[in-house]
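Order of the sequence lines sets the chain letters (A, B, ...), proteins ahead of strands, with each chain counted from 1.
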Protein chains: 2
Amino acid sequence: MSKARSKAAGAAGDASNRLKNLPVDRILQGDCISVLNRLPEKSVDVVFADPPYNLQLKDTLHRPDNSKVDGVDDAWDQFSSFQAYDRFTQDWLDAVRRVLKDTGTLWVIGSYHNIFRVGHALQNLDFWILNDVIWRKSNPMPNFRGTRFTNAHETMIWAAKSADARGYTFNYHALKTMNDDVQMRSDWLIPICAGKERLKDGDKKTHATQKPEALLYRVLMASTKPGDVVLDPFFGTGTTGAVAKMLGRHFVGIERETAYIKAAQKRIAGVEPLDADVLSYTTGKREAPRVPFGQLVERGLIRPGEVLVDGRRRYTAKVRSDGSLIADRTKGSIHQVGAAVQGAPACNGWTFWHVEKRGELMPIDVFRQQLRGEIH
Amino acid sequence: MSKARSKAAGAAGDASNRLKNLPVDRILQGDCISVLNRLPEKSVDVVFADPPYNLQLKDTLHRPDNSKVDGVDDAWDQFSSFQAYDRFTQDWLDAVRRVLKDTGTLWVIGSYHNIFRVGHALQNLDFWILNDVIWRKSNPMPNFRGTRFTNAHETMIWAAKSADARGYTFNYHALKTMNDDVQMRSDWLIPICAGKERLKDGDKKTHATQKPEALLYRVLMASTKPGDVVLDPFFGTGTTGAVAKMLGRHFVGIERETAYIKAAQKRIAGVEPLDADVLSYTTGKREAPRVPFGQLVERGLIRPGEVLVDGRRRYTAKVRSDGSLIADRTKGSIHQVGAAVQGAPACNGWTFWHVEKRGELMPIDVFRQQLRGEIH
DNA sequence: GGCCACTCTGAATCGTATG
DNA sequence: TCATACGATTCAGAGTGGC
């Protein structure tokens with residue numbers, strides 16, 4: 001670890017053209033590593049980094065309706081190999097480490113394509129992981145070919161400068177208040193960036209991977225105080241800057257592309273900082289848990305092979321391992337089979353089907369209620 | 001990458017004492033790497049691995065009421081450094097790679113302490129990540145000190161043997177059925193293992209990190225077929241084996257500690273496998289026998305000369321005697337002509353083209369279903 | 001305005017059998 | 001091995017336009 005650290009430390013460059021004071025609430029144009037190397041050391045409270053994910057997309061993907069998916073094919077996301085990506089990652093992480101205060105923390109966001117490279121590298125550089133936080137997307141893009149699980153989340157790593165770093169900011173009570181007085185968990189349900197918030201040039205997205213402000217809101221509420229400085233080395237269209245300004249924090253943005261910088265400047269200029277007393281009213285909304293029937297089976301509340309019967313004992317059906325039912329000539333969901341055996345157009349399987357316990361019939365909805373109670 | 005691979009390949013050991021046949025539904029005692037090296041190559045359908053997390057707990061942790069938290073401090077979770085852990089990880093992953101069929105997949109579960117080491121290592125060994133899956137715990141242990149987010153999830157990596165590996169099992173439709181007919185996402189809400197399911201010796205947990213059966217249920221439902229072999233190189237108290245037996249899959253367990261093996265054997269002996277009819281699960285059209293369109297014509301379900309129309313009555317085509325279609329300027333298969341009239345890159349003719357009966361449109365897929373029913 | 005139907009899109013490592 | 005053809009496959013939310 002220390003070997004990697006000292007080697008990369010050389011990348012910090014000479015201190016000759018180093019700035020004495022941190023330029024604040026500005027976007028600095030250039031390659032993030034060389035710009036970072038010009039900034040004064042230990043001057044930044046928090047770094048939020050959204051580096052290229054190195055997606056390695058191959059062919060074009062079409063939706064079932066034949067429309068084309070507009071994938072990320074920007075030049076900035078192209079790397080020749082894992083090695084090249086690892087070197088890049090180590091270099092910017094090391095440059096970040098120098099400008100971060102000893103009490104500072106680092107956030108990095110990524111997907112399975114790159115996050116294991118990033119996590120590995122930052123642990124090697126002695127960063128100390130405080131949490132990994134899952135951004136659960138309420139509206140992810142589906143998997144169109146039915147080949148995998150819907151890729152419905154991204155991962156953030158939150159880390160301090162070292163295992164024995166003390167005094168980092170974590171606004172525990174503010175987050176708990178935001179979360180209806182329950183501790184904030186490591187999984188966050190937040191929609192993707194769309195609608196008015198999404199920056200466009202005509203009908204084209206300005207940036208392929210603009211992050212939602214709600215995500216940065218929670219990150220900054222958790223790990224910064226008003227007046228703190230947040231640095232974003234992959235500034236893009238400036239979500240970090242916009243939210244920082246709104247929340248009364250300072251930002252430093254680093255970005256190469258002129259088009260992104262212009263869009264970010266315009267966007268941030270339009271942001272009105274909030275009064276401090278307003279901030280405390282924002283709360284996280286709670287999701288209403290949907291409980292699929294298959295979950296009752298998976299959890300053992302209903303066993304595969306168990307026989308369900310309707311309230312008047314006219315029809316029966318047997319539970320299969322995937323949570324579907326099988327009856328005379330039909331199989332399908334609890335609703336489909338319930339409808340089919342009755343010859344009805346539709347049926348609410350939750351109230352239609354029952355389990356027999358000691359001669360008594362119990363609607364399966366009872367088990368769903370039980371599961372909901374456990375979840376929340 | 002290839003360097004790491006070939007180097008570790010040496011760890012596969014000599015083939016002199018290698019077994020000819022895979023011993024199935026048994027727990028093999030010993031160090032997982034040397035046991036793996038004795039197994040026949042490419043013999044296993046799926047590997048589920050729950051390796052040591054390398055937790056690096058320093059002091060004992062106390063709850064607000066001063067009771068002691070029973071953390072993981074077992075000898076098997078102690079590593080001297082990241083390097084030692086990385087070497088261990090690479091070695092067992094490489095041994096796993098050898099016994100895995102080319103169509104097989106690998107699951108690894110971990111937390112932020114180790115999952116970045118694991119993910120980095122398996123990418124270096126050319127494993128190809130299919131998904132990372134988040135196990136969201138409905139009842140995690142709270143963070144008692146209020147210094148971080150409640151650590152409410154663990155991460156699983158699901159990977160194929162290489163980027164171009166084909167034919168791995170993913171029971172898309174069964175999982176969709178389990179989830180109320182929406183695609184299964186990459187975030188799974190499942191409670192931790194507690195209650196009757198949790199194995200105990202008196203009032204002490206038998207194993208510090210026993211996984212819930214519901215988690216393995218979903219893993220095995222997703223990525224294995226009945227009769228498949230699942231290998232678990234860190235078998236512990238045998239959750240993988242218990243669920244595999246229940247679901248009509250075979251297991252191979254590897255475990256060092258006698259106490260865990262005994263507990264697992266007793267547990268698995270008490271498991272009753274499900275009946276075959278219950279194990280059957282929802283499959284999609286991909287599994288169904290192929291029926292050429294020409295057969296519908298040949299069998300008289302569709303007559304030569306009949307006019308087909310799309311669902312919105314924008315396009316028509318006429319059926320020729322050889323089962324091809326002819327439309328303005330094009331002729332060819334139902335798919336080719338469907339694509340051509342729309343100007344689309346591709347088209348599923350089975351669902352695109354309809355026949356008009358008494359003013360109602362019926363997709364030609366209905367006739368295919370009919371034929372499939374007859375054939376069986 | 002309100003409701004309904006329809007359209008569009010989002011960090012995506014998204015096929016397989018046959019010849 | 002490679003080219004060709006078959007034919008399987010989507011969820012939530014925002015925007016738009018008609019009645």
message = Using the C1' atom as the point on both nucleotides, what is the distance between dT13(C) and dA12(D), in whole Å?
response = 23 Å
Mind checking if K285(B) touches a base, just sugar-phosphate, or nothing, with heavy atoms under 4.0 Å?
sugar-phosphate
- Task: Check the pair N143(A), F149(A) against side chain to side chain contact (heavy atoms under 4.5 Å, CB included), reporting the backbone distance first and the verdict last.
- Result: CA-CA 7 Å; N143(A) 180 293; F149(A) 300 100; over 6 Å; no
| message | Categorize I129(B) for me: base, sugar-phosphate, or nothing, with a 4.0 angstrom heavy-atom threshold over every strand shown. | response | base
Writing each nucleotide of DNA chain C 5' to 3' as (, ), [, ], | or . by Watson-Crick or G-U pairing under 3.5 Å yields .|||||||||....|||||
Result for side chain to side chain contact (heavy atoms under 4.5 Å, CB included) between V108(B) and one of V96(B), V118(B), T155(B) points to V118(B)
So that I can tick it off, tell me whether R313(B) and E356(B) are bridged by a salt bridge, with the cut-off set at under 4.0 angstrom between side-chain N and carboxylate O. yes
Quiz item: A346(B) near the nucleic acid: base, sugar-phosphate alone, or nothing, with a heavy-atom cut-off under 4.0 Å?
Solution: base
What distance, rounded to whole Å, do you find between the two P atoms, one in dC6(D) and one in dG10(C)? 32 Å
Q. What does N143(A) touch in the nucleic acid at a heavy-atom separation under 4.0 angstrom: a base, only the sugar-phosphate, or nothing?
A. base
With sugar-phosphate taken as primed atoms, P, OP1 and OP2 and all else as base, the protein-contact string of nucleotides 11-19 of chain D at under 4.0 Å (heavy atoms; B, S, -) is BSSSS----
Ring pair (Phe, Tyr, Trp, His ring centres under 6.0 Å) filter on H120(B), not counting sequence neighbours, yields H120(A)
Note: chain B reaches DNA chain C at heavy-atom distances under 4.0 Å over the stretch, first to last nt, 5' to 3', of dT7(C) to dT16(C)
ask   = When you compare dG7(D) with dT9(C), how far apart are their C1' atoms, in angstrom units rounded to a whole number?
value = 24 Å
| said: Please give the distance between the C1' atoms of dT7(C) and dT10(D) as a whole number of Å. | reply: 14 Å
At a cut-off of 3.5 Å, list every protein nitrogen or oxygen paired with a nitrogen or oxygen from nucleotides 2-5 of chain D, distance to 0.1 Å.
none

Considering every strand and a 4.0 Å limit on heavy-atom distances, what is the contact class for R185(B): base, sugar-phosphate, or nothing? nothing
| said: Does H173(B) reach a base, just sugar-phosphate, or nothing at all? Heavy atoms under 4.0 Å. | reply: sugar-phosphate
Using a heavy-atom cut-off of under 4.0 Å over every strand shown, decide if P212(A) touches base, sugar-phosphate, or nothing.
nothing
Relative to its sugar, using the 90° cut-off around 0, the base of dT16(C) is anti
Salt bridge (Lys or Arg N to Asp or Glu O under 4.0 Å) filter on K285(B), not counting sequence neighbours, yields D365(B)
For D181(B), is there an ion pair with K176(B) - N to carboxylate O distance below 4.0 angstrom?
no
Q. At under 4.0 Å between heavy atoms, what does C193(A) touch on the DNA or RNA strands: base, sugar-phosphate, or nothing?
A. nothing
Which pairs of donor and acceptor atoms, one on a side chain in residues 345-352 of chain B, lie under 3.5 Å apart (sequence neighbours left out)?
residue	atom	partner	partner atom	Å
N348(B)	OD1	W350(B)	N	3.0
T351(B)	OG1	N348(B)	O	3.3

Please table the atom pairs, donor to acceptor, closer than 3.5 Å between any side-chain atom in residues 158-165 of chain B and protein atoms at least two apart or in another chain.
residue	atom	partner	partner atom	Å
W158(B)	NE1	T105(B)	OG1	3.0
K161(B)	NZ	R97(B)	O	3.1
K161(B)	NZ	L100(B)	O	2.9
K161(B)	NZ	D102(B)	OD1	3.2
S162(B)	OG	D164(B)	OD1	2.7
S162(B)	OG	A165(B)	N	3.3

- Message: Quick one about R185(A) and N131(A) (side-chain donor to acceptor, distance below 3.5 Å, no hydrogens or angles considered), yes or no?
- Response: no
Applying salt bridge (Lys or Arg N to Asp or Glu O under 4.0 Å) to K211(A) and not counting sequence neighbours gives D50(A)
**Prompt:** With rounding to whole Å, what would you report as the distance between dT9(D) and dA12(C) at their C1' atoms?
**Reply:** 14 Å
(message) Can you see if the side chain of H335(B) gets near the phosphate of dG7(D) - specifically, an N or O under 4.0 Å from OP1 or OP2?
(response) yes
Open item on the list: Side chains of S186(B) and H153(A) only: does a donor on one sit below 3.5 Å from an acceptor on the other?
Closed with: yes
By nearest-heavy-atom nucleotide on DNA chain C, the more 5' of R166(B) and T209(A) is T209(A)
- prompt: Using a cut-off of 4.0 Å on non-hydrogen atoms, how would the nucleic acid contact of D50(A) be classed: base, sugar-phosphate, or nothing?
  reply: base
Salt-bridge test for K262(A) and E257(A): reply yes if a basic N is under 4.0 Å from a carboxylate O, no otherwise.
no
Contacts of H207(A) meeting ring pair (Phe, Tyr, Trp, His ring centres under 6.0 Å) (sequence neighbours excluded), chain-then-number -> W76(A), Y260(A)
When the side chains of residues 109-116 of chain A are checked against the rest of the protein, which donor-acceptor pairs come out under 3.5 Å, sequence neighbours left out?
residue	atom	partner	partner atom	Å
S111(A)	OG	H113(A)	N	3.4
S111(A)	OG	H113(A)	ND1	2.6
Y112(A)	OH	R148(A)	NH1	3.3
N114(A)	OD1	S111(A)	N	2.9
N114(A)	ND2	Y85(A)	OH	3.0

Of V69(A) and R312(B), the one whose closest nucleotide on DNA chain C sits nearer the 5' end is R312(B)
| said: Once you apply a heavy-atom cut-off of 4.0 Å, does R286(B) come out as touching a base, just sugar-phosphate, or nothing? | reply: sugar-phosphate
Sorted by chain and number, sequence neighbours left out, side-chain contact (heavy atoms from CB on, under 4.5 Å) with R198(A) holds for C193(A), K200(A), K205(A), Q210(A)
